[in-house]
Number of protein chains: 2
Amino acid sequence: MLGTPKRDRRAERREATRAEILAAAWDQVRAEGLTSLSLRDLASRVGMQAPSLYSYFDSKHAIYDAMFAQGAQEFLEAERAVPVTGDVLRDLQAGARMFVGFCSDDPVRYQLLFQRLIPGFEPSPESYGIAVDALQVVRDRLAGAGLTDPRHLDLLTAVTAGLANQQISNEPGGDRWVSLVDEAIEMYLEHVDKRTKQKGTRK
Amino acid sequence: MLGTPKRDRRAERREATRAEILAAAWDQVRAEGLTSLSLRDLASRVGMQAPSLYSYFDSKHAIYDAMFAQGAQEFLEAERAVPVTGDVLRDLQAGARMFVGFCSDDPVRYQLLFQRLIPGFEPSPESYGIAVDALQVVRDRLAGAGLTDPRHLDLLTAVTAGLANQQISNEPGGDRWVSLVDEAIEMYLEHVDKRTKQKGTRK
DNA sequence: GTCTATATTTGGATAGAC
DNA sequence: GTCTATCCAAATATAGAC
């Protein structure tokens, strides 16, 4: 017998402004670099003076933290949207395409989520928890595809992270390495299959 | 009939001090992060006041530039020290071990040389030239091993950069991904050999 | 909630005495 | 070459009026 939740127009408004500030913050770091987030510039982007931002965020790090949570949430949803068909090759390729695309689509988001670039910043437990959940989804998916050997998992993350990294570092916005994802996963699976069979037959 | 080059004790002293400042700069960025190089702190590390640094470097960017040149020189020498035996697998493994080790041994050097992290900084043509030379040595070595297909080269750089990247981001100082280098190169060569043969037989 | 004003710190860089 | 003194700009953050 729950009725419609009471709307709080003031809280809605506040949340909308917070989202607006975050969107402007993403714009700024994409333009100036992740470490060059300035509260003055950010405020002017949303038509405020710098001190007004403190009504919405306790500090600059709190803004980074909210950005981290947002990026992790996006990653979690993108991960969940990857279809599972049971065809190991196709499924792995789809997952890797998602990951490399996710990273190369937004390099600063990649830097914020997966690298330690901002001196003195680390995400709050709540924000980090979202990222942990997302990585667990990845692990479950790979286990479902029969991949459990930790070293093989490390090899896979290296291959996909390497493609993303090269794309971002050497040809941002392009697809020179993105277009190699399917072939790289083929290469990886040929190798892993072989090793697994060898182990099996030698038993 | 060239005699011993005239020694200039003043110039030698100056060069020694420059080297001392650069060493202290590396210490600082390793401790505080690449983007957190402060002239005040740097000066205090070498027992100077900040303005005195301007007797040795024109600006902060000039210090970054000298660091870039130094790192590129180290990379060039490390690259030239990799032995070539003619055994493609062993040679590729040796080259990849060197690269991944070079990167993971000093993450900030890796960031300075291979990523674009410092807002507004790019190396001078002279410094950049050293890096270009080093990459040409790599390319020549790979061509000598029969690797010329551009996409296969891109795949190789992705694999090695990925190993280095994961090592640095997830377990700095360890060898979890470093220890995968030889296997990764095996995987890569199995794949490339197969593709090359296929192309050949289908002709 | 937003502003102005300001505190405080820190940064790179320059002038000029010694 | 090194120093002190200083400039100038920019940063985060706070106090308090409205």
Side-chain angles (χ1 to χ4, degrees), chain A residues 7-25 27-29 31-68 108 112 117-124, chain B residues 8-29 31-68 108 112 117-124:
Chain A
R7 280 182 62 185
D8 180 340
R9 304 189 71 89
R10 190 171 277 149
E12 285 172 9
R13 176 81 197 162
R14 186 185 159 79
E15 211 40 53
T17 305
R18 270 179 64 103
E20 196 186 339
I21 292 169
L22 281 183
D27 285 345
Q28 193 181 330
V29 295
E32 310 288 335
L34 183 59
T35 59
S36 300
L37 181 64
S38 146
L39 296 188
R40 285 192 204 301
D41 292 356
L42 175 56
S44 91
R45 278 173 189 264
V46 294
M48 286 181 180
Q49 296 298 317
S52 304
L53 295 175
Y54 285 85
S55 298
Y56 299 95
F57 296 96
D58 286 341
S59 68
K60 184 183 176 176
H61 273 26
I63 296 177
Y64 276 129
D65 193 58
M67 293 170 76
F68 184 97
V108 295
L112 178 60
L117 265 199
I118 306 170
F121 168 73
E122 50 181 318
S124 64
Chain B
D8 181 340
R9 303 188 71 89
R10 190 171 280 150
E12 285 171 11
R13 175 81 196 161
R14 185 183 159 80
E15 210 41 53
T17 304
R18 271 180 62 103
E20 196 185 338
I21 292 169
L22 281 184
W26 282 111
D27 285 345
Q28 193 181 328
V29 295
E32 310 288 335
L34 183 60
T35 58
S36 300
L37 181 64
S38 146
L39 295 188
R40 278 170 163 72
D41 291 355
L42 174 56
S44 91
R45 277 172 189 265
V46 293
M48 285 181 180
Q49 296 298 318
S52 304
L53 295 175
Y54 286 84
S55 298
Y56 299 95
F57 296 96
D58 286 341
S59 68
K60 184 183 176 177
H61 273 26
I63 296 177
Y64 276 129
D65 193 58
M67 294 169 77
F68 184 97
V108 294
L112 177 60
L117 264 199
I118 306 169
F121 168 73
E122 52 181 319
S124 64

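By convention in this document, chain letters (A, B, ...) are assigned in the order of the sequence lines, proteins followed by strands, and residues within each chain are numbered from 1.
Using a 4.0 Å heavy-atom cutoff across all strands shown, L37(B) reaches sugar-phosphate atoms only and no base atom.
Between I63(A) and L39(A), the closest side-chain pair of non-hydrogen atoms falls below 4.5 Å.
For K60(A), the listed nucleotide lying nearest its side chain is dA13(D); candidates were dT2(C), dA13(D), dT2(D).
If R10(B) and S59(A) are placed on DNA chain D by their nearest nucleotide, the residue sitting closer to the 5' end is R10(B).
Using cut-offs of 30° and 60° on the angle between ring planes, the pair F121(B) and H61(B) is perpendicular.
Residue pairs meeting the ring pair (Phe, Tyr, Trp, His ring centres under 6.0 Å) criterion with at least one member in residues 34-58 of chain A: none, sequence neighbours excluded.
Of the side-chain N and O atoms in Y54(B), none sit less than 4.0 angstrom from OP1 or OP2 of dG12(C).
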Can you pull every protein N or O that's under 3.5 Å from an N or O on nucleotides 16-18 of chain D?
none

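Looking at residues two or more places apart in sequence or on another chain, you find a side chain to side chain contact (heavy atoms under 4.5 Å, CB included) between E32(B) and Q28(B), S36(B). Take R7(A) and apply the salt bridge (charged side-chain N to carboxylate O under 4.0 Å, His left out) test, not counting sequence neighbours, and it matches E12(A).
For the segment residues 13-21 of chain A, the set of residues with a heavy atom within less than 4.0 Å of an atom of DNA chain C comprises R14(A), in numerical order. Sorted by residue number, the members of residues 40-52 of chain B with any non-hydrogen atom under 4.0 Å from DNA chain C read R40(B), P51(B).
Remark: P of dA13(C) and CZ of F57(B) are 13 Å apart, rounded to the nearest angstrom.
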